[in-house]
Structure formats: structure tokens, C-alpha cells
Engineer: 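So that we are looking at the same thing, I have put the structure below in C-alpha cells.
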There are 2 protein chains.
Amino acid sequence: MIDILLVDDEELVRTGLRAVLEAQGDLRVVGEAADGAAALGLVRSLRPDVVLMDVRMPEVDGLTATRAILRDADAPPRILVLTTFENDDYVYEALRAGADGFLLKRARPAEIVHAVRLAAAGDSLLFPAAIRSLAAGRANRSAAEAVARAGLTDREAEVLRLVARGLSNAEIAAELFLGVQTVKTHVSSVLAKLGARDRTQAVVTAYESGFVAPA
Amino acid sequence: MIDILLVDDEELVRTGLRAVLEAQGDLRVVGEAADGAAALGLVRSLRPDVVLMDVRMPEVDGLTATRAILRDADAPPRILVLTTFENDDYVYEALRAGADGFLLKRARPAEIVHAVRLAAAGDSLLFPAAIRSLAAGRANRSAAEAVARAGLTDREAEVLRLVARGLSNAEIAAELFLGVQTVKTHVSSVLAKLGARDRTQAVVTAYESGFVAPA
DNA sequence: GACCGCCTCCCTCCCGGGAGGGAGGCCGCC
DNA sequence: GGCGGCCTCCCTCCCGGGAGGGAGGCGGTC
């Protein structure tokens, strides 16, 4: 029997997961938490085998909770991170935080069940797109914070990502099907918003802030 | 029925894999290749669903073959990379090359069969240790090699560190009590040794290789 | 409708950075 | 001693990048 803890701020999602999982004979949902802080307490008291953890939650988010749980327990549970999009930038950070695998919310029930069993057995399941984005050295999502603080627009963030991969303005223009002038404009606003003097400093900031992460 | 192509330079390994796979009703080994070049040809003629590809092979290695196969075919097969050690540095490069998953040679037969079925279905299996090494922000092997192979002198390494902190040549000169000309010389040799076009790319390489680490 | 933010593209001006040379001093090794 | 590697500094040439403007279109909001 595999004991499972559900952590998601949406009741609906928890209910859905519970229905899917408990339809199986060998899976048992032993608890539910609506945020990361509650999750930590329940892990201590319930000692589940597997935790299904939503990434985006108010208060304590899934990544922080994952780290806390892994730090806390002597025999921590397996943690599967729930996300909405395959190319979610959280993928990278979550694995870094110690998550054992990834699960798309829109995955078919059989896949969800399957992933839970795999996790309990010590394996890990990643969807191809998630793996690719990992392998491609994709930007991580504390970008969200950096972007939020700096107030970068989508386009600017996109440009910064390419700058942080060593591309010249001309190359970025080609990559995004833009004029070099446009790229220059974006780069300039990025520099201004980041308080960087030149693109080199912008790259440093991008790495230091976690906007992009080393492979 | 899932058609499989085995690529490994060791006959023994191929035989073992074939035995394991063909014991299943739904798996069929349609061919074997002893090196990457032969593999490419067989993929064309046999059109397998899944390729089990050894990484280390004489002549054309597994990564090169993987890239070639993916470039070549219009509907390329799923490629599972075979490796001996969980912490094999090839993990990163292989995924980057487009491999769909990883398989340890010492995996239990059931796991191998399982991974093949997953791959055929479009999922990907990674062993926890492999994922961890990926997610741990492991230094990009090629970048690390670039720096290691580069054979930077002490002075050059020192300069690169400052470049990777966003300093201009003039600032570096002031920091190290040097002439700007001297700094330029050092920067130029660093760029040459790293194969970087400009200081921005050098910074990227420095981070990707782990030469400098984000705070 | 007026306004604002974003994206797009244009211009000029200027400087720093990088290429591609050369050269002298120092140290350690053969 | 001679040689090679490293560090230092010099020169010129040139381009890309960044500053500092302006402007039009588009989609929102008030």
C-alpha cells in the first residue's frame, strides 16, 4: 500500500487526484494540505510514501515546501511536483530542490497513477518536454522574482535569456525575427531595468539572480 | 508490437538485451548494430520504434549517432541511451543530443522492458541519480572541459573571474594594478582559449562550466 | 475619445572591446 | 647560455554595442 499526501491550494484539484488515486487498490490518500506550511506538518505526522506537490501556491510555495520537507525528515517521502505546463520553468528549480519527478496536471489518470507508483518504487518520471527543457539548460523561474522586481516585459525577458546565452544583437534579431534596432531597444531597457551597464553585467545579473541557471 | 534496434559494440550486451526484450510478447528486436555508423543505416532500413544506444563505442559514438539519426529521419525513433554508471557525465550531453531517456546497463530486466515501453509511448524514464545529477546544477561537461582544456594561466584565470563579475577592462586594470593594454591581452587569450567570441560568451562559459558559481 | 504600455523600427554619436600585430623583462628548464 | 612560457605594455584598425533621441501601430483602460 502506497500512502499519499496531496498538496494543492485548489480543492478541486485535490478532489480529482484523490478520486483518481483511490480508484486503485494499492494507493491511499492519507491527507491533504492546501499550502506548503500545512504540508510540512502533515508529512511529519502522517509519514506518507509519496507527496503530490503543487508548485504554485499562496504563502509557502511548492518548492520551498519541498526543500523544507527534505531537510526536515530523516526518511523523507518521494515528492512529485505538479505543474500545469510542460515547459514550465519551475521544472528546473523543482528538481534542484530535490523533487523526484514531475507530473502534468492534465496527464491522463493512468499516467498519474503510474508516476506515483514509479516514484514510490524509487524511479522518476519526466515528460519528454520537461526533460528537453532541462537538457537545454532552460531558464529557471526565480526568474519570476527577478522579472517581477525589475518589471521586465515578456519580450525583454526573452531577449535577456538570449543575451545570457552569449548571442549578439544580430543573432538575437535573427532568432526572434526582429530588426536589430528592435533588439537594441529591448536590450537597452533590460540594462536600465537591471541596473546593468552593459550586456556582460546583465548576464552576470541573470545568473546571480537565478534568472538563468547553469546547466 | 514495438520494434527495437540494439546498438552496442559488445556482442554480449546485445545478446543479453535481446533475450530480455524478446521474452516479452510485445517487443521485437529487429536488428543489431555494433557501432553508430551501422546504426544510422539500420534505422533507415528497419524503421524501429525504439533504439537502445550505447554511449561508448569505437568509431562513431552513441551521441554522434543519436544526433545523426534525429537529423536524418523524418519520423525518428525514440532513443534510449545505455550507460554504465548513474553519474555518467554523458547523461547531460545525451539528453542534449536529443535522447529520450536513460537506461542503466545493470538495470533489472523488468526495468529495461519498462523503459522501452515508456519510450515507445512517448514518456521518458530517468533514474533518480541521473536526474539528480542533472538537477544539481551539474557543470556542463563540454563547458567544463572547455575551461579545463583551455589551460588558462593564473593571471588569465584571475582576469576571467573579474570579467565574469561584470568588470570592464579598465576596472580590471585598476583592480589588478595593470595597464588596460595588459588586461586586453589577457582577455584576448582567454577568449581564444575558451573559444568565445566576446566577453559575454566568456561569462556564459564561466558560469556553465562552474568556473564561477552564482551566489 | 484620450491615454498608456508594449512592441516595433529608425536615426546619429561615440566609446569600449576585440583583432592583429610587436616587444621587452623575468623566470625556470634543458 | 639558450629557449620557452608568462606577464607586461605598446600600436593601429574596426565593429558592435550602448546612449539618446523620435515615431508609428496596437491593445488595453478610463
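First the proteins, then the strands, lettered A, B, ... as listed; each starts at 1. Worth saying up front: this structure is predicted, and the values here are computed from it rather than measured.
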Engineer: How many whole angstroms separate atom CZ of F177(B) from atom P of dC9(D)?
Structural biologist: 12 Å
Engineer: Given dT8(D), dC6(D), dT8(C), identify the nucleotide with an atom nearest to the side chain of T153(B).
Structural biologist: dC6(D)
Engineer: Could you give the CD-to-P distance, from E156(B) to dC6(D), as a whole number of Å?
Structural biologist: 7 Å
Engineer: The criterion is side-chain hydrogen bond (donor to acceptor under 3.5 Å, both in side chains); which residues satisfy it with D49(A), sequence neighbours excluded?
Structural biologist: none
Engineer: Angle between the end axes of the helix from dG1(C)-dC30(D) to dC30(C)-dG1(D), five pairs per end, to the nearest 10 degrees?
Structural biologist: 40°
Engineer: Atom CZ of R155(A) and atom C1' of dG27(D): how far apart are they, to the nearest Å?
Structural biologist: 16 Å
Engineer: In plain terms, say whether R155(B) and E158(B) are close enough for a salt bridge, that is, a side-chain N and a carboxylate O under 4.0 Å apart.
Structural biologist: yes
Engineer: For A206(A), enumerate each residue passing the side-chain contact (heavy atoms from CB on, under 4.5 Å) test, keeping only those at least two apart in sequence or located in another chain.
Structural biologist: L160(A), A164(A), F211(A), V212(A)
Engineer: Please list all pairs passing the salt bridge (Lys or Arg N to Asp or Glu O under 4.0 Å) test where one or both residues lie in residues 168-179 of chain A, with sequence neighbours left out.
Structural biologist: E171(A)-R197(B)
Engineer: Between protein and nucleotides 10-25 of chain D, map the contacts as a letter string: B base, S sugar-phosphate only, - none, heavy atoms under 4.0 Å, written 5' to 3'.
Structural biologist: BB-----BBS------
Engineer: Does any non-hydrogen side-chain atom of R199(A) lie less than 4.5 Å from one of V187(A)?
Structural biologist: yes
Engineer: Taking side-chain contact (heavy atoms from CB on, under 4.5 Å) as the definition, give me every residue that meets it alongside S188(B), ordered by chain and number, with sequence neighbours left out.
Structural biologist: none
Engineer: Could you tell me whether the side chains of R165(A) and Q201(B) share a donor-acceptor contact shorter than 3.5 Å?
Structural biologist: no
Engineer: When the distance from NE2 of H186(B) to C1' of dG5(D) is rounded to whole Å, what number comes out?
Structural biologist: 13 Å
Engineer: Determine whether a donor-acceptor pair (N or O, by modelled atom type, separation under 3.5 Å) exists between the side chain of R14(A) and the backbone of D8(A).
Structural biologist: yes
